[in-house]
There are 2 protein chains.
Amino acid sequence: MSTSTRKTKPMAESRRESLIAAAAALLDGGGPAAVTLREVGRAAGVSHNAPYKHFADKEALLAAVASRELDRMSRVVDGEAQGSARPDAKALMTGYVAWALRYPERFKLTFGRWMRDDPELAATASASRSLLLAAVQAAQAHGELPAANPERLAGLLLALAHGAADMALSGHLSADGKGSAEPADLVGDLFEYLRLAAANRP
Amino acid sequence: MSTSTRKTKPMAESRRESLIAAAAALLDGGGPAAVTLREVGRAAGVSHNAPYKHFADKEALLAAVASRELDRMSRVVDGEAQGSARPDAKALMTGYVAWALRYPERFKLTFGRWMRDDPELAATASASRSLLLAAVQAAQAHGELPAANPERLAGLLLALAHGAADMALSGHLSADGKGSAEPADLVGDLFEYLRLAAANRP
DNA sequence: ACCTGAACACCGTTCAAGT
DNA sequence: ACCTGAACACCGTTCAAGT
């Protein structure tokens with residue numbers, strides 16, 4: 001109840017989180033190469049190997065960054081898509097690509113590979129996936145998406161959003177800048193085609 | 001004409017290419033972290049800094065690996081898709097994802113970012129893109145793809161193929177393994193939906 | 001329980017020197 | 001023109017030692 005007891009435990013947590021925040025800031029600023037344990041320690045005001053008291057190694061620290069980021073993105077994007085009565089699949093996908101374009105380095109880190117089997121991260125990913133699945137099924141019920149396997153349809157949507165964002169970030173999408181489109185445009189195109197396909201096979 | 005004159009110039013080229021081959025082999029074996037100039041030199045039978053006589057720095061060597069790989073993939077995939085009378089867009093995309101799944105590390109390197117403005121690499125990419133565009137337009141003429149902007153349609157196809165391959169490699173596609181699909185299945189799904197959409201709006 | 005400073009092995013890059 | 005060996009600055013990780 002006293003202020004001292006309130007501070008002891010959170011202190012360790014804040015130190016740990018300040019290390020994660022420092023790593024994320026360095027990642028945003030200069031890419032993965034800029035994230036060195038020495039710089040992380042300096043930014044957090046500790047020695048270059050203090051992180052080892054909170055994380056097994058550098059990859060564990062990066063996994064924590066990815067976990068925090070996936071959690072934040074889910075909160076924002078899922079929150080936006082749940083604004084109306086039923087979850088909006090298109091809003092989920094456009095929110096996803098917008099987040100990817102806004103935080104390119106975190107996006108690449110988070111989805112670059114399955115980080116160490118982090119149960120917390122897996123839980124967040126699973127919840128987000130469930131929401132997308134519900135949105136897909138709702139859209140199918142309204143005839144806006146074809147009546148196919150919803151999991152597979154969700155995979156199609158995710159793959160396009162992910163690929164459009166990734167190619168845009170690496171410059172492969174707007175090669176000539178001529179007939180090219182933004183990732184959000186491609187997401188819109190796909191939903192329109194799927195709506196037409198659903199209308200054709202009712 | 002003599003054997004000695006025949007050897008001098010190609011020698012330098014073979015040395016350069018043996019360095020590229022060594023780097024590619026190390027990349028395949030252990031990912032980007034395994035590609036160190038010291039290991040590259042050892043595998044090529046030279047000192048750890050001999051590569052600097054052929055490449056400006058490590059990134060230039062990696063760019064050469066990416067350039068060689070893009071050229072090889074284009075040759076194989078484009079060749080397969082040109083087997084019949086008109087280029088086959090679906091064959092191009094399935095060939096693309098098959099190559100990505102077969103050489104994951106090279107795929108990530110080649111498409112991870114636009115490498116240093118390599119004119120050779122840009123030319124290969126441009127030629128490959130032109131072939132895809134021709135295939136898309138041929139399919140549109142046959143009513144198999146919607147009559148939209150062909151460049152934008154090509155972007156949609158590429159984004160899906162790229163995203164499906166990338167997510168499969170990082171394990172994000174078959175999360176539960178339940179209703180998940182292989183990247184080639186998603187490519188097939190997309191072409192089927194596009195065919196239905198084209199049939200709906202003739 | 002958490003942190004520090006020294007130390008080790010490794011890496012990319014540079015440089016003087018060789019042929 | 002191409003290569004070598006030594007050297008430099010940097011990094012991830014370990015460890016003995018402190019509180």
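Below, read A as the first sequence line, B as the second, and so on, with proteins coming before strands; counting in each chain starts at 1.
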Item to check | ring pair (Phe, Tyr, Trp, His ring centres under 6.0 Å) against A:Tyr96, all qualifying residues, sequence neighbours excluded | outcome: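 Checked A:Tyr96 against ring pair (Phe, Tyr, Trp, His ring centres under 6.0 Å); matches are A:Phe111.
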Listed by chain and number, what are the side-chain contact (heavy atoms from CB on, under 4.5 Å) partners of [X], not counting sequence neighbours?
X        : result
A:Pro51  : A:Leu19, A:Leu37
A:Pro104 : A:Leu169
B:Asp71  : B:Arg75, B:Thr124
A:Glu39  : A:Leu26, A:Thr36, A:Arg42

Item to check | Protein-to-nucleotide contact annotation, 5' to 3' order, nucleotides 13-19 of chain C [B base; S sugar-phosphate only; - none; under 4.0 Å, heavy atom] | outcome: BBB----
Checklist entry - Which parts of residues 21-30 of chain B get close to DNA chain D, meaning a heavy atom less than 4.0 angstrom away? => result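 Nothing qualifies; none.
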Checklist entry - Within a strict 4.5 Å, meaning less than it, do heavy atoms of the B:Tyr193 and A:Leu145 side chains meet? => result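 The answer is no, as the side chains (C-beta and beyond) never meet within the 4.5 Å cut-off.
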Tell me: [atom1] of [X] to [atom2] of [N], nearest whole Å?
X       : N      : atom1 : atom2 : value
B:Arg16 : D:dC3  : CZ    : P     : 13 Å
A:Phe55 : C:dC2  : CZ    : C1'   : 14 Å
A:Glu39 : D:dG12 : CD    : C1'   : 14 Å
A:Leu61 : D:dC11 : CG    : C1'   : 15 Å

Hey, could you give me each pair passing salt bridge (Lys or Arg N to Asp or Glu O under 4.0 Å) that has a residue in [range]? Not counting sequence neighbours.
range                       : answer
residues 43-52 of chain B   : none
residues 161-171 of chain A : none
residues 60-69 of chain B   : B:Glu69-B:Arg106

Checklist entry - Between A:Arg86 and A:Glu144, is the closest basic N to carboxylate O distance under 4.0 Å? => result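 Looking at A:Arg86 together with A:Glu144, the answer is yes, because their closest N to O distance falls below 4.0 Å.
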Next on the checklist: Checking B:Asp189 now: which residues fulfil salt bridge (Lys or Arg N to Asp or Glu O under 4.0 Å) with it, not counting sequence neighbours?
Outcome noted: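 In terms of salt bridge (Lys or Arg N to Asp or Glu O under 4.0 Å), with neighbours along the sequence ignored, B:Asp189 is linked to A:Arg152.
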Checklist entry - List DNA chain D stems (3 or more consecutive Watson-Crick/G-U pairs, under 3.5 Å)? => result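 Output for stems: C:4-8 with D:12-16, C:12-16 with D:4-8.
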Next on the checklist: Within the 4.0 Å heavy-atom criterion, would you say A:Val40 contacts the bases, only the backbone, or no part of the nucleic acid?
Outcome noted: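 It contacts nothing in the nucleic acid.
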